[in-house]
Amino acid sequence: MKPVLDLRNFTFLLSILWILNGLSPASAQEQAQEDTLTVPQKKELHRKLLVMLHLPAQHFRPDVSYAGAYRQDAGRVARRQVAQELAHTMHMKILEDWPMPLLNIDCFQMELIDDANAEDVILKLKSDKRVAWAQVVNEFEAKASAGNSATGNSIQPAQLYWSLREVHHVTTGKQVLVAVIDSAVETQHPDLRGQIESQENFVDGKPWVAESHGTHVAGVIVAKPGNHLGIVGIAPDARVMALRACAQDVDGKTQCSGFSLAKALYFAINKGVKIINLSLSGPDDRLLRQLIDLALSRDIKVVTAIDVRRANGGYPASHPGVFSVSDKKMKSTFSSVLVAPGQDIPTTSTGQTWSFVSGSSYSTAHVTGMLALLTQLQPTISSDQLRHSLTRMPDMQGRPEGLLSLCDTLSKATAQCICACQSGK
Amino acid sequence: MKKQLPNALFVFGSWRYLIALAGLFCSSSVSAQWSASAALASDYIYRGNSLSQSRPVVQLNANADAESGLFAGGFLSKSLSELQSKQGAQAIAYAGIAKRLASGIGWEVGVTRIILPDVPRWNYTELFAGMNRDNLNLRVHYSADYLGIKKKSFYLEMNGDLPLHEQWRLTAHGGILHLQDRGTRSDVRVGVLFGSSLWTTQLAWGKTLHPDNTRLYFDNKPTQLTLSLHRVF
């Protein structure tokens with residue numbers, strides 16, 4: 001009797017795989033075929049590009065006996081060779097390689113070594129079937145303005161408008177994992193010591209040095225309470241991961257490479273954070289778009305700052321599903337933008353000091369803290385439920401127009417009266 | 001016994017396989033990623049059996065991955081059994097489809113054809129399906145005619161690795177083979193792996209439980225200690 005699985009059946013089984021191949025859902029790269037070309041909106045001189053090669057899923061291989069993820073290494077060598085060939089052909093050099101299995105891509109950062117135009121190189125790469133897609137490395141910037149020094153007794157708007165002391169009797173954001181993707185945080189600041197669970201540096205070639213913007217943002221979210229010093233964070237018991245993807249330049253501005261942001265975002269998503277704070281803005285970016293889509297698909301709340309200088313509010317504020325925040329009420333085009341305290345905010349600063357800061361960066365940090373407080377009370381609350389719970393204060397002189405009400409938002413989300421429901425006073 | 005050199009066509013299947021595999025890759029919209037490897041192992045341990053009578057072997061593998069998730073490849077190793085010639089070999093042709101979900105969980109299904117060119121009556125086909133996440137994978141293999149003895153077999157395996165420090169990793173494997181009317185055999189293996197993406201070396205200790213239950217043509221080796229050197233191209 002012939003065995004059931006003979007040569008002809010083996011061929012039949014391979015044909016089944018052929019059919020499965022045709023029925024299988026298109027990959028993200030295939031679905032975005034109509035958008036494979038990412039070209040900078042402005043004719044800026046971009047020297048660094050990101051070249052994405054497809055990263056195959058893990059599968060059976062007899063040669064790499066028994067090991068798990070180690071199986072990826074064999075393919076990594078092959079992809080590196082393809083990248084080297086592309087770099088050689090396009091007159092580029094490979095700077096770094098960062099596999100992103102969750103996006104099914106291996107991301108190579110390359111730099112042009114001659115006067116070639118980045119747009120032209122991207123067009124050529126687009127026609128190479130080995131390349132999933134290519135884009136320039138975009139630059140992002142923090143949304144903040146410098147302020148004056150503050151004293152430890154400065155009144156926080158959050159205490160004034162959000163009844164923070166009362167709220168902290170009910171929730172402090174305990175155990176909620178928050179990623180602050182920003183410049184380096186001064187983790188040994190007296191008001192932050194012990195409050196930062198972990199720190200990672202994704203900025204190439206720059207060792208960790210405490211920087212202003214990240215320190216300001218972290219202070220707004222988790223500054224230590226009860227130490228008779230400085231300020232109190234919105235969610236002082238949240239677990240903050242300080243992910244440095246931005247750096248402070250000599251002029252004091254905080255700049256972020258799109259690639260560093262992507263690495264930090266990927267890291268945060270992989271670590272299972274609940275909330276990601278992005279107090280920054282820049283141009284639309286395909287890689288960040290995919291990462292934020294991934295975060296949102298995992299119900300990670302992404303909070304980001306609006307940039308009024310850009311027609312669409314900048315990116316990632318313009319990404320559907322994120323919580324976009326401003327320090328002042330916006331015109332009707334941006335009616336969904338949330339308003340949170342963002343003017344003259346006392347917060348932690350470098351050199352173990354405190355200062356007043358202003359800008360939508362800090363409004364973003366306020367909303368991140370708010371979401372952490374809510375998440376402690378409702379760990380499984382979805383972004384849609386959260387958005388439905390957001391409540392604004394009635395407009396009143398002396399108070400920012402359209403300001404979010406922390407008390408009423410928490411009350412609505414939890415069906416409890418958190419602060420004696422005293423909003424509006 | 002008539003000495004035979006491994007037949008290259010048999011090693012990677014007949015013309016039917018080649019046409020089917022070519023068709024699978026032609027249907028993909030982008031070119032495949034090809035990789036190859038070579039290894040030198042002190043012993044060829046396969047599911048708790050020594051397939052080389054505790055002798056060192058050279059192993060080769062070629063693999064292709066298409067963007068669609070299709071993959072295919074071929075593996076060749078020297079093997080020695082009671083009935084094989086000194087030029088005995090084992091080849092594995094494999095193909096399948098693997099996908100990774102946004103959650104990070106991956107799945108795969110596929111088929112393997114295990115070929116022993118100098119004892120073709122032992123050739124058999126297996127179907128496999130598996131899931132994986134990060135550094136862990138779980139896979140089940142089914143054959144309706146294991147090693148040509150007309151018995152069904154199931155082999156369930158779990159594999160994992162743990163990064164230790166920089167280039168060091170700990171690897172682990174556990175497998176259970178159930179052979180119709182013959183019983184069950186299980187094998188475990190732990191190893192330490194050192195190296196980069198290009199070169200790795202692994203020292204592994206393995207143990208096979210109830211080896212006599214399913215012994216067919218190859219040596220039982222209740223306890224194994226193997227050293228292997230692996231190079232990727």
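Letters A, B, ... mirror the listed sequences (proteins, then strands); counts begin at 1.
Your options are B:N63, B:L170, B:L101, and the one with the most heavy-atom pairs under 4.5 Å with chain A is B:N63. Comparing B:G106, B:A38, B:S103 by heavy-atom pairs within less than 4.5 Å of chain A, the highest count is held by B:S103.
Here B:Y94 and B:F75 keep their ring centres 6.0 angstrom or further from each other.
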>> For A:E85 and A:R130: C-alpha separation, side-chain torsions, deciding distance, then whether salt bridge (charged side-chain N to carboxylate O under 4.0 Å, His left out) applies.
In response: CA-CA 11 Å; A:E85 194 187 314; A:R130 296 170 298 177; 3.1 Å; yes
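The shortest side-chain heavy-atom distance between B:I105 and B:R100 does not fall under the 4.5 Å cut-off.
Neither the backbone nor the side chain of B:A39 comes within less than 4.5 Å of any heavy atom of chain A. With a 4.5 angstrom heavy-atom cutoff, A:L102 touches chain B via backbone and side-chain atoms both.
Remark: the B:T226 side chain and the B:D43 side chain contain no N/O donor-acceptor pair separated by less than 3.5 Å.
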